[in-house]
Q: 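Have a look at the structure that comes next, please.
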Amino acid sequence: MLDSQTRQRISFFEQLHQQFLYLKGYGTYAYISANEVDQLYDSYLRHQQAFASSLSPQHLEINFIQSFIKSL
């Protein structure tokens, strides 16, 4: 059984891939490396801690990912 941190990480990667497909037409790894994905996830965790009380976790995750993708 997966722990909550692992489930959260998997959810983030799935959402990242879906948003890349939706916004760019190609999957995540067409634009960034696996190492950059890990760095982005770490950045998201720091961002999440700062804004956890103001938005739902899923809304925060999607906004964070979309902002990153649009910045490329």
Side-chain angles (χ1 to χ4, degrees):
M1 182 154 198
L2 300 174
D3 62 33
S4 65
Q5 284 182 316
T6 303
R7 282 193 308 263
Q8 182 182 10
R9 188 177 185 88
I10 291 169
S11 172
F12 179 85
F13 292 160
E14 287 174 348
Q15 191 62 245
L16 180 64
H17 184 69
Q18 289 175 5
Q19 291 299 317
F20 262 104
L21 284 173
Y22 176 73
L23 295 171
K24 298 285 192 177
Y26 293 97
T28 304
Y29 297 111
Y31 292 91
I32 60 177
S33 69
N35 187 44
E36 290 170 315
V37 170
D38 288 336
Q39 290 173 354
L40 182 62
Y41 181 70
D42 292 339
S43 178
Y44 166 71
L45 290 178
R46 289 188 300 277
H47 183 80
Q48 181 186 35
Q49 290 173 349
F51 293 97
S53 63
S54 61
L55 296 170
S56 72
Q58 184 176 16
H59 189 80
L60 178 64
E61 184 177 276
I62 292 170
N63 282 344
F64 179 84
I65 291 169
Q66 286 180 345
S67 293
F68 170 76
I69 294 170
K70 289 177 182 176
S71 74
L72 295 178

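FYI, the numbering just counts along the sequence from 1. None of these values were measured; they are calculated from a predicted model.
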Q: Could you see if Leu16 belongs to whatever hydrophobic cluster contains Tyr29? Use Ile, Leu, Val, Met, Phe, Trp, Tyr and a side-chain cutoff under 4.5 Å.
A: yes
Q: Measure centre to centre between the rings of Tyr26 and Phe20, then say whether the value is under 6.0 Å.
A: no
Q: Is it true that Asp3 and Arg9 have a side-chain N and a carboxylate O under 4.0 angstrom from each other?
A: no
Q: Test of understanding: clusters of I, L, V, M, F, W, Y form through side-chain heavy atoms closer than 4.5 Å, transitively. Do Ile10 and Ile62 belong to the same one?
A: no
Q: Is a side-chain N or O of Ser11 found less than 3.5 angstrom from the main chain of Arg7, in a donor-acceptor match?
A: no
Q: CD/Glu61 to CD/Gln15 distance, rounded to the nearest 0.5 angstrom?
A: 5.5 Å
Q: With no hydrogens and no angle check, is any side-chain donor or acceptor of Glu36 less than 3.5 Å from a backbone partner on Ser33?
A: yes
Q: Please answer: with hydrophobic residues joined when any side-chain heavy atoms are less than 4.5 Å apart, are Tyr41 and Leu2 in the same cluster?
A: no
Q: Check the pair Tyr22 / Ile69 against side-chain contact (heavy atoms from CB on, under 4.5 Å), numbers first and verdict last.
A: CA-CA 10 Å; Tyr22 176 73; Ile69 294 170; over 6 Å; no
Q: Distance check, rounded to the nearest 0.5 Å: Gln19 atom CD versus Phe64 atom CZ?
A: 13.0 Å
Q: Does Val37 belong to the same Ile/Leu/Val/Met/Phe/Trp/Tyr cluster as Tyr31, with side-chain heavy atoms less than 4.5 Å apart forming each link?
A: yes
Q: Start with the C-alpha gap between Leu60 and His47, add the side-chain angles, then the distance that decides, and say whether side-chain contact (heavy atoms from CB on, under 4.5 Å) holds.
A: CA-CA 9 Å; Leu60 178 64; His47 183 80; 3.7 Å; yes
Q: With hydrophobic residues grouped by side-chain heavy-atom distances under 4.5 Å, do Leu40 and Leu21 end up in a single group?
A: no
Q: In Å and rounded to the nearest 0.5 Å, what is the CG to NZ distance from Leu72 to Lys24?
A: 5.5 Å
Q: Is there a side-chain contact between Ile32 and Phe68, using heavy atoms and a 4.5 Å cut-off?
A: yes
Q: Gln8 and Gln48: side chain to side chain donor-acceptor pair (under 3.5 Å), yes or no, with the steps?
A: CA-CA 12 Å; Gln8 182 182 10; Gln48 181 186 35; 3.0 Å; yes
Q: Using side chain to side chain donor-acceptor pair (under 3.5 Å), reason through Gln18 and Glu14 one step at a time and then give a plain yes or no.
A: CA-CA 6 Å; Gln18 289 175 5; Glu14 287 174 348; 5.7 Å; no
